[in-house]
There are 2 protein chains.
Amino acid sequence: MALSRKLAAADDAPAPYFTATLAKGLDVLEALAEVEDVNLTDLSRRLGVSGPTLFRILATLGQCGYVQKAAKTSRYRLTLKAWEVGARAVRRLTMRDVARPWVEALAKESREAVHLGVLQGSGVVIIDKVDTPHPVKVDTYVGQRAPAHCAAIGKAILAYESAATLDAFFDHALPRFTPTTISGRRQLERELALTRDRGYALNHEEWRQGVCAVAVPIRCHSGEVAASLSLTMPTERFAKEAIAQFVAALLRAAQAISRDLGGERRESGASRP
Amino acid sequence: MALSRKLAAADDAPAPYFTATLAKGLDVLEALAEVEDVNLTDLSRRLGVSGPTLFRILATLGQCGYVQKAAKTSRYRLTLKAWEVGARAVRRLTMRDVARPWVEALAKESREAVHLGVLQGSGVVIIDKVDTPHPVKVDTYVGQRAPAHCAAIGKAILAYESAATLDAFFDHALPRFTPTTISGRRQLERELALTRDRGYALNHEEWRQGVCAVAVPIRCHSGEVAASLSLTMPTERFAKEAIAQFVAALLRAAQAISRDLGGERRESGASRP
DNA sequence: CCTATTCTTTTCAATATATGAAAAGTACTT
DNA sequence: AAGTACTTTTCATATATTGAAAAGAATAGG
């Protein structure tokens, strides 16, 4: 799973223009993101990289500030450096700032967790969140990636993507996570058509057991769908009768955000919720 | 500035255990974080890396999902991948979740921008923020790095670090940003002693013109200073008479956070503000 | 407290890989 | 439509990366 793409490529095509060392370093970074703390040997086994090689990579990541050693010796862990670098990219998403007040208002009104997400490859990345006041919460976090094909927040975007983008999307597999996961291209296309017709996307435990969600697309001034807004909750609270109200609130918020996006500038003086 | 540390090392020591290609790739990532969109040639000039080499690096970063090409061809930009990877590290900081309600309460009470920061190398990284309602705001963002020696949020942590950590800290230079920046070791040590005596740190335009701040340390259950909490505002609003009130509010919030950190678990049922 | 075991770090020679010059191919500009 | 600037490919060379093996630390076990 953490193998560099070159090796993972089933067809042994020459995989042109690929710098193996760099890819290996990034794999190490990603592996460290998953484990809290590791020692060299464990990590070396996990990644299938020899000790000395990993030692050099970790030393380099350390010198560049991405990794540090916990305590005196032994275990390695990530610093916040990767997050800092990435934060510069997030900062450029006007969407986030414009949507913020409406995300908060929607959370207050619905009393459920609100997520704002954008499409990135085969997944949706949560770029903002306001949690529910209920004591029973779904475990999600800002920066989390959800598979687009089985999350409401993903389907609400996919439903409005161009044929070309969808073609590229379907190059990725559609892994099955639960019995209700839609993992066939045909079925997903039908689901997306349904989503377009209704104007909102649903997820009934398609990704994680016990978790449901509704989502609507957010259009930018040019009319393209640029993000999506969702309400996520435990199945227990996802009553059939309540959905219409959730959708209404979502649509109101999404429209307000679209409107505020018009100017496209950060300090927009637009009306607040 | 974006040169890999190997080359930047003034003393031409052999710089042991260093993987140049990986470091170059990370440099590219960081360069892309700074520019929104670049074409290959510009980036190649900026980094002093030849075209074909950069081409390979960008191709690799692309295959690994860290970079993508805008539009059809031409310009490169960062994806959210680095941010996603880093978000896993941030998520492990219990501090952030525990502090959140108090950060919000403090923002409401003070009506100024509240920042929560942790020390990372020679800087402080802002891990959470709630902005002021005032129309005149200081430009800051979550994920931002501030130089520790000339930011209140940094000095409030430095003041309580061990001699060993401080020694390591002083290996970095203390760049001067404004006429009031403290850039000598002796002077900074005096300032830190003063900070300890008072119990709070100040910054009068030491980093950025027109920006002032007050900050207090946050101690974890073991008594170590693990983070700091600041109020940041334009000099115009930083009235001498108001500081005592800001400090009182900051200390109250910091104490509450320290208390709530006791359990050290995420879903702490502790009292809310 | 000493020995055994496991993990980290260093060394080193073989080899695979990255490198930049130059050329070919594209995409803009005027 | 010709010119200019940028991107991509090719390729021979030099270099950096590689893992085996060994030395050195640290930790655990008796």
Side-chain angles (χ1 to χ4, degrees), chain A residues 2-9 12-29 31-32 35-64 66-77, chain B residues 2-9 12-29 31-32 35-64 66-77:
Chain A
L3 278 172
S4 53
R5 291 91 205 122
K6 186 192 202 173
L7 303 173
D12 52 12
Y17 303 111
F18 194 80
T19 292
T21 314
L22 172 53
K24 229 168 287 173
L26 297 172
D27 282 347
V28 171
L29 221 54
L32 283 170
V35 286
E36 174 101 53
D37 260 4
V38 239
N39 61 3
L40 192 138
T41 308
D42 276 1
L43 198 58
S44 134
R45 274 195 278 265
R46 178 188 287 258
L47 291 171
V49 174
S50 78
T53 297
L54 185 57
F55 183 72
R56 283 170 64 91
I57 290 176
L58 286 170
T60 306
L61 289 173
Q63 284 171 68
C64 295
Y66 287 80
V67 159
Q68 69 186 166
K69 278 181 151 181
K72 35 196 70 176
T73 176
S74 64
R75 315 181 84 73
Y76 293 87
R77 67 170 48 156
Chain B
L3 278 173
S4 53
R5 290 91 204 125
K6 186 190 199 174
L7 303 173
D12 53 11
Y17 302 110
F18 194 81
T19 292
T21 314
L22 172 53
K24 228 170 286 172
L26 296 172
D27 282 347
V28 171
L29 221 53
L32 283 171
V35 287
E36 174 102 51
D37 260 6
V38 240
N39 61 2
L40 193 138
T41 307
D42 275 1
L43 198 59
S44 134
R45 274 195 278 265
R46 180 187 288 256
L47 292 171
V49 175
S50 78
T53 297
L54 186 58
F55 184 71
R56 283 170 65 92
I57 291 175
L58 286 169
T60 306
L61 289 172
Q63 282 169 70
C64 294
Y66 288 80
V67 159
Q68 69 184 168
K69 278 181 150 180
K72 36 194 70 178
T73 177
S74 63
R75 312 181 87 73
Y76 293 88
R77 66 169 51 155

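Chain letters run A, B, ... following the sequence lines, proteins first and then strands; every chain starts at 1. Hydrogens, waters and symmetry mates play no part in the numbers below; they use all other heavy atoms, side chains included.
If you measure from atom CZ of A/Arg56 to atom C1' of D/dG19, you get 12 Å, rounded to the nearest angstrom. Computed from coordinates, the A/Phe18 CZ to C/dT19 P distance equals 14 Å when rounded to whole Å. Look at CG on B/Asp42: it is 13 Å from C1' on D/dT7, rounded to the nearest Å. Here C/dA18 presents its P atom at 14 Å from CG of B/Leu54, a figure rounded to the nearest Å. When the C1' atom of D/dT7 is taken as reference, atom CD1 of B/Ile57 falls 16 Å away, rounded to whole Å. As a whole-Å value, the separation of B/Leu43 CG from D/dA5 P is 20 Å.
In summary, A/Asp27 and A/Lys24 do not engage in a salt bridge, as defined by a charged side-chain N under 4.0 Å from a carboxylate O.
The nucleotide whose nearest atom lies closest to any side-chain atom of B/Thr21 is, among C/dT19, C/dT10, C/dA22, C/dT19. Side-chain proximity of B/Tyr17 to C/dA18, D/dT17, C/dT9: nearest is C/dT9. Comparing C/dC7, D/dT7, D/dT18 by their closest approach to the side chain of B/Asn39 singles out D/dT7. When distances run from any side-chain atom of B/Leu40 to the nucleotides D/dT8, C/dA18, D/dT17, the shortest one goes to D/dT8. For A/Lys69, taking side-chain heavy atoms from C-beta onward, the closest of the listed nucleotides D/dT18, C/dT9, D/dT8 is C/dT9.
OP1 or OP2 of C/dA18 has not a single side-chain nitrogen or oxygen of B/Lys24 nearer than 4.0 Å. The shortest distance between the side-chain N/O atoms of B/Thr19 and the OP1/OP2 oxygens of D/dA16 is not below 4.0 Å.
Nearest-nucleotide positions on DNA chain D for B/Pro52 and B/Arg45 put B/Arg45 closer to the 5' end. Toward the 5' end of DNA chain C, the nearer of the two residues A/Leu22 and A/Tyr76, judged by each one's closest nucleotide, is A/Tyr76. Comparing A/Phe55 and B/Ser50, the nucleotide of DNA chain C nearest to each residue sits closer to the 5' end for A/Phe55.
Between the side chain of A/Arg56 and the backbone N or O of B/Thr19 there is no donor-acceptor pair closer than 3.5 Å. In terms of modelled atom types and a separation under 3.5 Å, the side chain of A/Ser44 and the main chain of A/Ser50 share no donor-acceptor contact. No donor-acceptor distance shorter than 3.5 angstrom exists from the side chain of A/Thr60 to the backbone of B/Ala23, with no hydrogens or angles considered. B/Gln63 places a side-chain N or O within donor-acceptor distance of the main-chain N or O of A/Tyr17, the cut-off being under 3.5 Å.
Considering only heavy atoms from C-beta on, B/Tyr76 comes within 4.5 Å of B/Leu32 through its side chain. Residues B/Leu26 and A/Leu61 are in side-chain contact: their nearest non-hydrogen atoms beyond the backbone lie under 4.5 Å apart.
Rounded to 10 degrees, the angle separating the terminal axes of the helix from C/dC1-D/dG30 to C/dT30-D/dA1 is 50°, with each axis obtained from five end pairs.
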